[in-house]
Amino acid sequence: MDTYLDLLRFCAFVIVFLTGNFLVFALGGWVLFYKILGPHIPHRRIHAKDPTLAQIKTELKNSWSTQMVFLVMALGLWGLWKAGLTQIYQDPSERGWVYYFLSFMIIQLLHDTYFYWTHRWMHEWKWLKPFHMDHHRSFTPTPFAALSFHPVEAISHGLFWYLIASLIPLHVSWLFIFYSFMFYINMWGHTGYEFWHKDLLDRPLQKILNTPTHHNLHHKYHDKNFGIYYNFWDNLCGTNHHKYAEEYRAIKAETEKHKTNFIMKKLGL
Ligand SMILES: [Zn+2]
Ligand SMILES: [Zn+2]
């Protein structure tokens, strides 16, 4: 009976958690970029066309089914945890705080690798390709595209949590904190607006980071730019799109031109 109640409580918590994340990052991102900020920052815009209503409807429908898949998979993981079949732990002092914070970096690097390779395979393997094309229905991606996946692709994303929970000691809080972090970064990648520094690609330590322009080119051409947080794997495997630097610099040049015009206008020149 207690286990039953625990499961129901966990289920309710996950529903609230997933809904909250969607409202903050997807809906919040869309309102921020397409209703509040967007009209004032056309010089930061990556794509010229507006998303169609049909595309947004598809993104919302797919996001709903993705979250259903995540809910079911979260319940499955909870079951494995309670059965002692994972390395999930509850007391942070069990592994120490150094490990607790280090876990974030470990999860991020593992997820970056997992995302790059599963994403690349989805583009290369005939039997995986059909399942990934739902995400590519977003020609001019919006923050709603962040979770716009076919259920099979959603399962492949969810499996990452099973993998790390069995591979490394994982404090339970990271399952939720890292999900929010992933959603936040994913939302940025789909905003359609570029905010990174104009010299990012010329700075050796910073050009390792991926940008919204990078992912936008992936939606445009499909065959390159598979990474999520970092450019490490794309760089190493030669899968950066050859137009990446050129397009990034063109958007940044537009932003700089706007800044100069704005200052000159203020000075009355
Ligand atoms: Zn995308
Ligand atoms: Zn893709």
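Read the numbers this way: they start at 1 and go in the same order the structure lists the ligands and their atoms.
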Under-4.0 Å salt bridge between Glu256 and Lys252: no

Angular separation of NE2 (His132) and NE2 (His123) seen from the Zn ion (ligand 2), to 10°: 90°

Interatomic spacing from CG in Leu200 to CD in Glu194 - rounded to 0.5 Å: 8.0 Å

The Zn ion (ligand 1) reached by His219 (N, O or S, under 2.8 Å): yes

Reference residue His123; test side chain to side chain donor-acceptor pair (under 3.5 Å); the match among Lys129, His218, His222: His218

Degrees at the Zn ion (ligand 1) between the NE2 atom of His215 and the NE2 atom of His135, nearest 10°: 150°

N, O or S from His218 under 2.8 Å to the Zn ion (ligand 1): no

Atom of His119 closest to the Zn ion (ligand 2), considering N, O or S atoms: NE2

Salt bridge Glu247-Lys220, side-chain N to carboxylate O under 4.0 Å: yes

Distance-only donor-acceptor check, side chains Glu153 and His157, under 3.5 Å: yes

Sidechain N-carboxylate O distance under 4.0 Å for Lys243, Glu246: no

Atom name in His190, limited to N/O/S, at shortest distance from the Zn ion (ligand 1): NE2

Heteroatom N/O/S of His222 within less than 2.8 Å of the Zn ion (ligand 2): no

